[in-house]
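Comments concern the structure below.
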Amino acid sequence: MLKEYLTIREISGPLVLVEEVAGVKYEELVELELPTGEKRRGRVLEVDGDKALVQLFEGSTGVDVFKSKVKFLGKGIELGLSMDIMGRVFDGLGRPIDDGPAILPEKRVNIAGSPINPYARAYPSEFIQTGISAIDGLNTLVRGQKLPIFSGSGLPHNQLASQIARQAKVLGKEEEFAVVFAAMGITFEEADYFIRELNKTGALDRSVMFINLADDPAIERIATPRMALTAAEYLAFEKDMHVLVILTDMTNYCEALREISAARKEVPGRRGYPGYLYTDLSTIYERAGRIKGKKGSITQIPILTMPEDDKTHPIPDLTGYITEGQIILSRQLHKKGVSPPIDVLPSLSRLKDKGIGKGKTREDHSDVFNQLFAAYASGKQAQELAVILGEAALSDMDRMYYDFADRFEAQYVSQGEYEDRSIEETLDLGWKLLASFPSSELKRIRPEFMEKYFSKFKAGKEEGGEEAKAAVA
């Protein structure tokens with residue numbers, strides 16, 4: 001029998017201090033009953049002797065210090081799981097919000113999860129095709145990887161997230177693939193956009209969505225990514241599915257963490273964020289991966305908006321330490337009309353070499369990637385030089401690289417929101433762009449690939465050039 005307490009001593013915002021309690025545990029669920037009979041849920045934030053600090057999910061408005069009853073439920077926040085969660089939309093606490101029936105769970109699982117033993121982890125090594133050339137060709141996503149997207153306020157990260165959710169697939173094998181999508185602190189319009197986009201293409205049928213709106217309580221925002229990862233772990237490690245988890249926006253999550261930390265009067269760290277921000281983020285990011293002996297996998301794409309586009313801000317800074325690379329969106333490219341505005345030079349996928357090559361993507365992938373990257377870097381240098389010295393100061397080869405950088409951004413990086421390019425199309429497009437250079441400039445490609453691929457695209461380019469000249473004549 002659970003005890004009820006009438007010993008509320010203090011209320012401060014969403015925090016309630018309850019005294020004379022016994023056997024209460026950290027993160028235990030709490031039920032608070034108002035004199036009107038209304039019940040509200042909360043969670044234990046801190047225990048000190050016979051005192052417990054509780055944060056209410058729905059806020060403390062209307063709570064009577066003398067007449068409200070507090071009941072500690074003896075368990076943490078749990079999510080009911082079964083295969084019925086597929087194709088459904090939930091709020092940040094796992095309650096259905098899509099007018100569908102309640103989930104009849106096979107089991108209920110605490111959302112805190114349990115860490116994966118490092119020895120039990122399998123090394124990520126299999127390619128995931130997103131259909132986006134700047135990711136597949138240059139910053140390849142590997143199954144079991146955590147690859148964040150660093151964006152800025154007003155940049156189209158929501159469109160990029162929904163495009164990845166719609167198009168992501170595992171190649172070569174008939175394996176079950178699912179998307180778990182968690183949105184934190186977003187507006188109603190953004191939530192409607194995500195649901196509508198996934199519904200439009202039928203991708204919602206293989207997706208599970210957790211939506212936390214901007215006006216929902218901060219403590220619910222803290223639970224949302226853990227709800228999503230608990231669902232992902234069930235699908236991956238119990239149902240043998242390959243799961244892509246998209247978390248947006250991690251900046252809103254960290255702001256909620258800062259809000260709760262301030263309410264608890266904790267000593268602040270950098271920029272007011274709690275000193276345990278790194279540890280807290282790692283409990284989310286490290287729930288991605290593969291486990292030896294298990295067929296399924298969890299791949300994670302957290303999305304965060306960098307305040308003032310600052311990569312040294314604590315949130316992107318700490319995220320970069322924990323994850324395996326980053327994809328950076330550029331405001332400059334966005335202004336030029338490049339969409340998605342992925343800045344490939346500072347972007348990095350640390351595991352890309354493990355997921356490309358013969359049998360995974362194509363034998364020439366590594367060489368094409370290296371040559372495209374080098375040529376684009378040279379093109380950007382030539383453009384910077386032209387700003388300082390003027391275009392007249394460029395050599396013929398500098399001019400060629402200058403033009404290549406513009407064509408690379410317009411044709412390779414930029415693509416339609418609904419354009420789903422296969423890895424073969426992405427690699428062929430790379431060869432097509434490189435065919436504008438003389439073979440002597442392509443020093444990063446092995447001779448056998450030059451013979452097999454370059455000659456074909458070079459001949460096609462010259463033939464196209466002759467046809468253009470004939471048409472003009």
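This one's a predicted model, so the numbers in the text were calculated from it and none came from an experiment.
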- request: Would you indicate whether the side-chain heavy atoms of Phe90 and Leu79 approach each other to under 4.5 Å?
  value: no

field: Short N-O contact, Arg166 and Asp420, less than 4.0 angstrom
entry: no

query: Do Tyr123 and Lys292 get their side chains close enough for a donor-acceptor pair, meaning under 3.5 Å?
result: no

message: Could you go through Asn252 and Arg221, starting from their C-alpha distance and side-chain angles, then the distance that decides it, and tell me whether this counts as side chain to side chain contact (heavy atoms under 4.5 Å, CB included)?
response: CA-CA 8 Å; Asn252 292 336; Arg221 204 157 299 147; 4.2 Å; yes

- request: Using ring pair (Phe, Tyr, Trp, His ring centres under 6.0 Å) as the criterion, list what pairs up with His313, not counting sequence neighbours.
  value: Tyr273

task: Quick one: do Thr224 and Ile222 satisfy side chain to side chain contact (heavy atoms under 4.5 Å, CB included)? Show the steps, please.
output: CA-CA 6 Å; Thr224 305; Ile222 299 298; over 6 Å; no

- request: Indicate the atoms forming the closest heavy-atom contact of Tyr26 with Val47, along with that distance.
  value: N-CG2, 4.1 Å

message: Quick check on side chain to side chain contact (heavy atoms under 4.5 Å, CB included): which of Val243, Leu244, Ile246 does Val180 satisfy it with?
response: Val243

- request: Take Asp310 and Arg271, measure what salt bridge (Lys or Arg N to Asp or Glu O under 4.0 Å) needs, and give me the verdict at the end.
  value: CA-CA 13 Å; Asp310 180 11; Arg271 303 217 189 174; 3.1 Å; yes

Side-chain donor or acceptor of Glu190 paired with backbone N/O of Thr187 under 3.5 Å: yes

- prompt: With a cut-off of 6.0 Å (strictly less than), are more than 12 heavy atoms of other residues, nucleotides or ligands near OH of Tyr276?
  reply: yes

- prompt: Distance-only, no hydrogens or angles: does the Lys336 side chain make a donor-acceptor pair with backbone N or O of Arg331 under 3.5 Å?
  reply: no

query: Is the closest side-chain donor-acceptor distance between Arg421 and Thr426 under 3.5 Å?
result: no

- request: Quick one: which residue pairs count as a side chain to side chain donor-acceptor pair (under 3.5 Å) with a foot in residues 47-70, not counting sequence neighbours?
  value: none

task: Would you check if the side chain of Arg287 reaches a backbone N or O of Ile116 as a donor-acceptor pair within less than 3.5 Å?
output: no

message: Please determine whether a side-chain nitrogen of the Lys or Arg among Asp280 and Arg226 lies less than 4.0 Å from a carboxylate oxygen of the Asp or Glu.
response: yes

- request: For Ser282 and Thr279, indicate whether the former's side chain and the latter's backbone hold a donor-acceptor pair under 3.5 Å.
  value: yes

message: Let me confirm one number: the CD1-CD1 distance from Ile149 to Ile303, rounded to the nearest 0.5 Å.
response: 4.5 Å

statement: side chain to side chain donor-acceptor pair (under 3.5 Å) pairs touching residues 88-113, sequence neighbours excluded, are Arg88-Asp98, Asp91-Arg95, Glu106-Tyr234, Lys107-Glu238

message: When you compare the side chains of Ser125 and Arg290, does any donor N or O come within less than 3.5 Å of an acceptor on the partner?
response: no

field: Derivation and outcome, side chain to side chain contact (heavy atoms under 4.5 Å, CB included), residues Thr299 and Ile128
entry: CA-CA 9 Å; Thr299 306; Ile128 290 179; 3.5 Å; yes

message: Any carboxylate oxygen within less than 4.0 angstrom of a Lys/Arg side-chain nitrogen, looking at Arg9 and Glu20?
response: yes

query: Is there a donor-acceptor pair closer than 3.5 Å between any side-chain N or O of Asn370 and the backbone N or O of Asp367?
result: no

query: For the ring pair Phe181 and Phe194, is the centre-to-centre distance below 6.0 Å?
result: yes

- prompt: Is it true that the side chains of Tyr285 and Glu324 contain a donor and an acceptor less than 3.5 Å apart?
  reply: no

- request: Mind checking the OG-CG spacing from Ser207 to Leu198? Nearest 0.5 Å is all I need.
  value: 5.0 Å

query: Could Lys265 and Glu46 be called an ion pair, given the rule that one side-chain N must be under 4.0 Å from one carboxylate O?
result: no

query: From Glu126 CD over to Ser297 OG, what is the distance, rounded to the nearest 0.5 angstrom?
result: 7.5 Å

query: Are side-chain N/O atoms of Glu19 and Thr7 paired as donor and acceptor at under 3.5 Å?
result: no

message: Pair Ser151, Leu304 - check side chain to side chain contact (heavy atoms under 4.5 Å, CB included), show working.
response: CA-CA 6 Å; Ser151 183; Leu304 55 93; over 6 Å; no

message: Please check this pair: side chain of Glu419 against backbone of Gly416, looking for a donor-acceptor N/O pair closer than 3.5 Å.
response: yes

Flag, side chain of Gln332 to backbone of Pro341, donor-acceptor distance under 3.5 Å: no

Side-chain donor or acceptor of Arg143 paired with backbone N/O of Ile298 under 3.5 Å: no

Modelled atom types, side-chain donor and acceptor of Tyr376 and Glu409, under 3.5 Å: yes

query: Does the pair Glu27/Lys25 count as a salt bridge with the N-to-O cut at 4.0 Å?
result: no

- request: Kindly compute the distance separating CE (Met86) from CG (Leu204), expressed to the nearest 0.5 Å.
  value: 9.5 Å

query: So, Asp343 side chain and Leu329 main chain: donor-acceptor pair closer than 3.5 Å or not?
result: no

- prompt: Is it true that atom OH of Tyr418 has more than 12 heavy atoms of other residues, nucleotides or ligands lying nearer than 6.0 Å?
  reply: yes

query: In Å and rounded to the nearest 0.5 Å, what is the CD to CG distance from Glu78 to Leu73?
result: 10.0 Å

task: Nearest 0.5 Å please: distance from the CD1 atom of Ile103 over to the CG atom of Leu81.
output: 9.5 Å

- request: Kindly say whether Thr130 contributes a backbone atom to a donor-acceptor pair with the side chain of Gln167 at under 3.5 angstrom?
  value: yes

